[in-house]
Amino acid sequence: MKKINTRTLVGTAIFAALGFAVTFVFRLPFGFLTFDAKDAVILIGAFLYGPVSGALMALIAALLELITVSSTGLYGFLMNFVSSAVFAGVASLIYSKKRSAVGAVLSLYVASLVLTGTMMLLNLWITPYYMGVTVEDVVRLIPTLLLPFNLAKALCNSALAMFLYKPFSKAAISAHLAEKHTKA
């Protein structure tokens with residue numbers, strides 16, 4: 001686990017703000033679901049600062065989204081937070097143990113699967129309350145909407161994070177907001 005210090009707190013705040021800002025630039029609604037690229041930014045921050053910071057970034061971005069652009073209220077906030085926190089937390093935990101290209105790909109693959117599974121379970125629990133439907137109605141949405149959406153969201157954010165990680169990490173290191181990691 002990363003040591004909490006001023007650099008980590010500032011970096012966490014910057015990546016949370018960047019993640020939130022991305023929701024304004026790239027946000028695609030699919031009914032009650034929304035795809036945005038903020039998870040890629042939060043994931044990069046979590047790779048730099050660790051899973052606890054990743055969860056904090058997810059919380060800050062979800063809270064800011066709740067009070068500004070969200071139309072789904074507390075249900076959407078909860079789903080948004082859990083989705084981002086699970087994705088960034090799992091990926092950064094695995095990546096922290098194996099800091100290499102293989103470790104990054106493995107961490108993103110596992111995190112995508114865990115995110116998708118978590119969101120299926122959470123949809124079964126929350127969506128009936130949010131939409132006023134039965135659990136059976138939600139089960140019918142899984143193969144045609146919920147599973148493909150969550151898997152595509154995770155894979156797109158994974159690809160984006162892989163593409164942007166080096167430039168973002170180099171910029172953070174140059175700005176003295178992150179430490180250069182040596183391979184273990």
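By convention here, the first residue in the shown sequence is residue 1.
Rounding to the nearest 0.5 Å places CD1 of Ile14 at 10.5 Å from CE of Met57. Put simply, CG on Leu74 and CZ on Phe81 are 13.5 Å apart, with the number rounded to the nearest 0.5 Å. In this structure, CG on Leu141 lies 10.0 Å from CE on Met120, to the nearest 0.5 angstrom. Between Ser169 atom OG and Lys166 atom NZ the span is 5.5 Å, to the nearest 0.5 Å. Expressed to the nearest 0.5 Å, how far OG1 of Thr116 lies from CD1 of Ile142 amounts to 11.5 Å.
Evaluated for a side chain to side chain contact (heavy atoms under 4.5 Å, CB included) with Asn123, the options Leu145, Leu146, Val135 yield exactly one hit, Leu146.
Considering every non-hydrogen atom in both Thr127 and Val133, the closest pair reads O-CG2, 4.2 Å. Nearest heavy atom pair, residue Leu177 against residue Arg7, reads O-CG, 3.0 Å. Across all non-hydrogen atoms, the minimal contact from Phe24 to Thr68 is CZ-OG1, 4.3 Å. The minimum heavy-atom distance linking Ser112 with Leu155 is given by the pair OG-CD2, 3.9 Å. Minimum heavy-atom separation, Ser158 to Phe87: OG-CZ, 3.4 Å. Nearest heavy atoms, Leu78 versus Trp125: CD2-CZ3, 4.1 Å.
In terms of modelled atom types and a separation under 3.5 Å, the side chain of Ser53 and the main chain of Gly50 share no donor-acceptor contact. Checking side-chain atoms of Ser96 against main-chain N and O of Leu93 turns up a donor-acceptor pair under 3.5 Å. Formation of a donor-acceptor pair under 3.5 Å by the Asn150 side chain with backbone atoms of Leu147 is not found in this model.
The side-chain heavy atoms of Thr34 and Leu28, taken from C-beta on, include no pair separated by under 4.5 Å. Side-chain contact check for Leu115 versus Met119: some heavy-atom pair is nearer than 4.5 Å. Contact of the Leu108 side chain with the Phe47 side chain is registered, since non-hydrogen atoms from C-beta on lie closer than 4.5 Å. Considering only heavy atoms from C-beta on, Thr134 stays 4.5 Å or farther from Val138 through its side chain.
Within 6.0 Å of OH on Tyr109 lie no more than 12 heavy atoms contributed by other residues, nucleotides or ligands.
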side-chain contact (heavy atoms from CB on, under 4.5 Å) for Leu33 and Lys153? Distances and angles first, verdict last. CA-CA 11 Å; Leu33 302 170; Lys153 177 181 172 181; over 6 Å; no

What's the verdict on ring pair (Phe, Tyr, Trp, His ring centres under 6.0 Å) for Phe26 and Phe35, showing C-alpha distance, side-chain angles and the deciding distance? CA-CA 8 Å; Phe26 190 77; Phe35 175 82; 5.6 Å; yes

Using the side-chain contact (heavy atoms from CB on, under 4.5 Å) rule, take Met79 and Tyr130 through it: C-alpha gap first, then chi angles, then the decisive distance, then the call. CA-CA 11 Å; Met79 299 292 274; Tyr130 172 68; over 6 Å; no

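Using a 4.5 Å cut-off between side-chain heavy atoms of Ile, Leu, Val, Met, Phe, Trp and Tyr, with links allowed through other members, Leu124 and Tyr129 fall into the same hydrophobic cluster. Following chains of ILVMFWY side-chain contacts shorter than 4.5 Å, one cannot reach Val90 starting from Val102, and the two form parts of different hydrophobic clusters. By the criterion of side-chain heavy atoms lying less than 4.5 angstrom apart, applied directly or through intervening Ile, Leu, Val, Met, Phe, Trp or Tyr residues, Leu151 is not grouped with Leu122; the two fall into different hydrophobic clusters.
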Mind listing the side-chain donor-acceptor pairs of residues 15-23 below 3.5 Å, one per line with the distance, residues two or more places apart or on another chain?
| from | atom 1 | to | atom 2 | distance (Å) |
| --- | --- | --- | --- | --- |
| Thr23 | OG1 | Phe20 | O | 2.4 |

Please list every donor-acceptor pair under 3.5 Å in which a side-chain atom of residues 37-46 meets a protein atom from a residue at least two apart or in another chain.
| from | atom 1 | to | atom 2 | distance (Å) |
| --- | --- | --- | --- | --- |
| Lys38 | NZ | Asp36 | OD1 | 3.3 |
| Lys38 | NZ | Asp36 | OD2 | 3.2 |
| Lys38 | NZ | Glu65 | OE1 | 3.3 |
| Lys38 | NZ | Asn80 | OD1 | 2.7 |
| Asp39 | OD1 | Ser84 | OG | 2.4 |

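In terms of the side chain to side chain donor-acceptor pair (under 3.5 Å) criterion, Ser107 has no residue partners (sequence neighbours excluded).
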